[in-house]
Amino acid sequence: FNEIFSKLHLLALTRLAEHPEQRVIDFKISDLQELFNVKRRNLNKQVKQAVHDLVGLSITRTDPETDENSKNEPFYDEIVVYSRGVYPSRLNLKQKNLDEKKMYGKDAINLKLGHVYLSFSTDFIAHMATTHQYTLVSPRLFQLKGTAFYAYNALMRNKQINYKKSESRQDTMKIGTLLGWCSNLPTWDEVANGNRNFNDRIVQPLADALEEVNDQIDYVFLNKNHEQVKSIDNLPLDEFLDSYVKVTKWKTLNVLQLSKIKRAKPNKKGKDDK
């Protein structure tokens with residue numbers, strides 16, 4: 001999922017959480033331009049492609065019965081999230097309760113008058129009302145780009161899916177897992193099989209990305225033994241993927257979001273601290 005795709009999806013979920021009665025989300029392109037901090041001439045095409053890719057989206061987990069995270073994370077197993085259908089006018093917006101089948105076959109997007117629309121499926125709306133977990137989203141996330149966007153989103157997701165575990169586990173993420181969410185960066189194997197310039201291609205971009213969000217979080221680096229080091233440069237390359245980033249303070253997530261995440265008691269044996 002590219003940035004605009006991910007941001008549009010997260011923004012739609014945020015809007016739905018704020019107004020659960022509004023199944024159709026109306027995005028004004030000029031508002032998206034300001035929120036995403038991008039140029040208008042590039043945004044129309046990117047948003048159009050993102051909406052086309054989002055419509056009909058469903059995800060299937062390999063084995064949801066044995067994967068404990070499936071019960072904790074904001075995951076929609078085998079549920080179509082966005083319906084097909086276009087709502088280019090206020091009149092059509094009143095058709096929110098149309099049967100899904102009647103909307104199939106129509107265009108999925110309309111940029112007329114600078115608006116774009118996404119329609120949540122009735123199945124997804126029902127899922128949100130019964131089993132969906134609270135989704136952590138910081139407003140600052142939408143303005144970030146590249147590795148900073150992917151890394152900050154991954155850290156919030158890590159806190160989300162581990163909310164039933166200890167606070168230390170919620171806030172500590174293995175670097176190898178974090179890099180897996182940074183789809184704009186080359187993989188470790190790609191660099192190993194290429195020029196082997198790990199510092200310029202992976203280590204420094206990650207360090208710069210985390211520095212970019214230091215207005216959102218305080219953090220430290222831990223080696224593979226969970227011992228704090230002075231900086232990312234003190235992590236040996238042969239242990240880099242098995243080292244950790246630990247968030248020591250969330251500066252901007254509001255009290256409501258964090259209180260929902262912290263509601264579970266830590267594991268008594270402390271096994272989740274690693």
Side-chain angles (χ1 to χ4, degrees), residues 1-17 22-62 64 70 73-88 92-93 95-96 98 100-128 132 135-137 141-154 156-157 160 179-187:
F1 299 157
N2 63 32
E3 287 180 41
I4 297 298
F5 177 103
S6 299
K7 289 177 180 179
L8 206 63
H9 178 51
L10 287 171
L11 185 57
L13 292 178
T14 302
R15 295 272 183 88
L16 184 62
Q22 295 181 9
R23 179 181 156 199
V24 179
I25 309 297
D26 177 358
F27 298 104
K28 191 174 181 180
I29 297 296
S30 59
D31 292 340
L32 294 180
Q33 178 187 358
E34 181 178 357
L35 182 62
F36 295 169
N37 189 27
V38 295
K39 295 181 179 180
R40 178 64 176 267
R41 69 173 180 267
N42 299 326
L43 188 59
N44 281 352
K45 182 177 180 180
Q46 291 175 318
V47 168
K48 183 176 181 179
Q49 184 61 53
V51 173
H52 276 301
D53 292 341
L54 282 166
V55 169
L57 171 71
S58 65
I59 304 172
T60 301
R61 184 182 292 279
T62 303
S70 66
E73 66 182 30
F75 191 80
Y76 331 116
D77 191 49
E78 296 184 329
I79 296 176
V80 173
V81 181
Y82 299 101
S83 297
R84 302 187 187 281
V86 60
Y87 297 88
N92 285 336
L93 284 173
Q95 300 179 27
K96 290 189 298 183
L98 280 177
E100 302 296 335
K101 294 181 181 179
K102 293 181 181 179
M103 292 193 290
Y104 287 165
K106 297 180 181 180
D107 292 334
I109 186 171
N110 190 311
L111 290 173
K112 185 178 180 180
L113 301 179
H115 287 255
V116 60
Y117 304 90
L118 275 173
S119 175
F120 285 106
S121 72
T122 52
D123 286 343
F124 183 72
I125 292 294
H127 172 77
M128 289 287 288
H132 180 68
T135 302
L136 285 177
V137 179
L141 181 66
F142 295 112
Q143 295 192 328
L144 297 173
K145 298 177 183 178
T147 309
F149 167 76
Y150 291 116
Y152 188 34
N153 190 35
M156 284 191 287
R157 177 186 173 85
Q160 168 93 36
L179 288 173
W181 285 93
C182 298
S183 58
N184 64 314
L185 294 180
T187 67

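- At least one side-chain heavy atom of Thr122 sits less than 4.5 Å from a side-chain heavy atom of Arg23.
- In terms of the side chain to side chain contact (heavy atoms under 4.5 Å, CB included) criterion, residue partners of Glu3 (sequence neighbours excluded) are, by chain and number, Lys7, Lys145, Phe149, Tyr150.
- Scanning both residues, Val24 and Ser119, for their nearest heavy atoms gives CG2-OG, 4.2 Å.
- Residues Leu32 and Val38 are not in side-chain contact: their nearest non-hydrogen atoms beyond the backbone lie 4.5 Å or more apart.
- The closest side-chain heavy-atom distance from Phe124 to Leu13 is below 4.5 Å.
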*Stepwise side chain to side chain contact (heavy atoms under 4.5 Å, CB included) test for Asn44 and Val116*: CA-CA 9 Å; Asn44 281 352; Val116 60; over 6 Å; no

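- For the residue pair Ser6 and Asn153, no side-chain donor N or O sits within less than 3.5 Å of a side-chain acceptor on the partner.
- Taken to the nearest 0.5 Å, the CG atom of Leu43 stands 5.5 Å off from the CD1 atom of Ile29.
- Side chains of Leu16 and Ile125 form a contact here, defined as non-hydrogen atoms less than 4.5 Å apart.
- The backbone N or O of Val80 sits less than 3.5 Å from a side-chain atom of Ser121, completing a donor-acceptor pair.
- Taking the side chain as every heavy atom from C-beta outward, Val81 and Asp123 never approach each other to under 4.5 Å.
- The side-chain heavy atoms of Val137 and Met156, taken from C-beta on, include no pair separated by under 4.5 Å.
- Contact detail for Leu35 and Gln143: the closest heavy-atom pair is O-CG, 3.0 Å.
- When every heavy atom of Phe36 is checked against every heavy atom of Leu8, the shortest pair comes out as CZ-N, 4.3 Å.
- Considering every non-hydrogen atom in both Gly146 and Asn184, the closest pair reads C-ND2, 3.7 Å.
- The two residues Cys182 and Ala151 have their closest heavy-atom pair at SG-N, 4.1 Å.
- The minimum heavy-atom distance linking Leu118 with Ala12 is given by the pair CD1-CB, 4.4 Å.
- Relative orientation of the His9 and Phe5 rings is tilted, given thresholds of 30° and 60° on the angle between their planes.
- You'll find the ring centres of Phe27 and Tyr117 outside the 6.0 Å limit.
- Residues satisfying the side-chain hydrogen bond (donor to acceptor under 3.5 Å, both in side chains) criterion with Asp53, sequence neighbours excluded, are Gln49.
- With rounding to the nearest 0.5 angstrom, the CZ atom of Arg15 is 10.5 Å from the CZ atom of Phe120.
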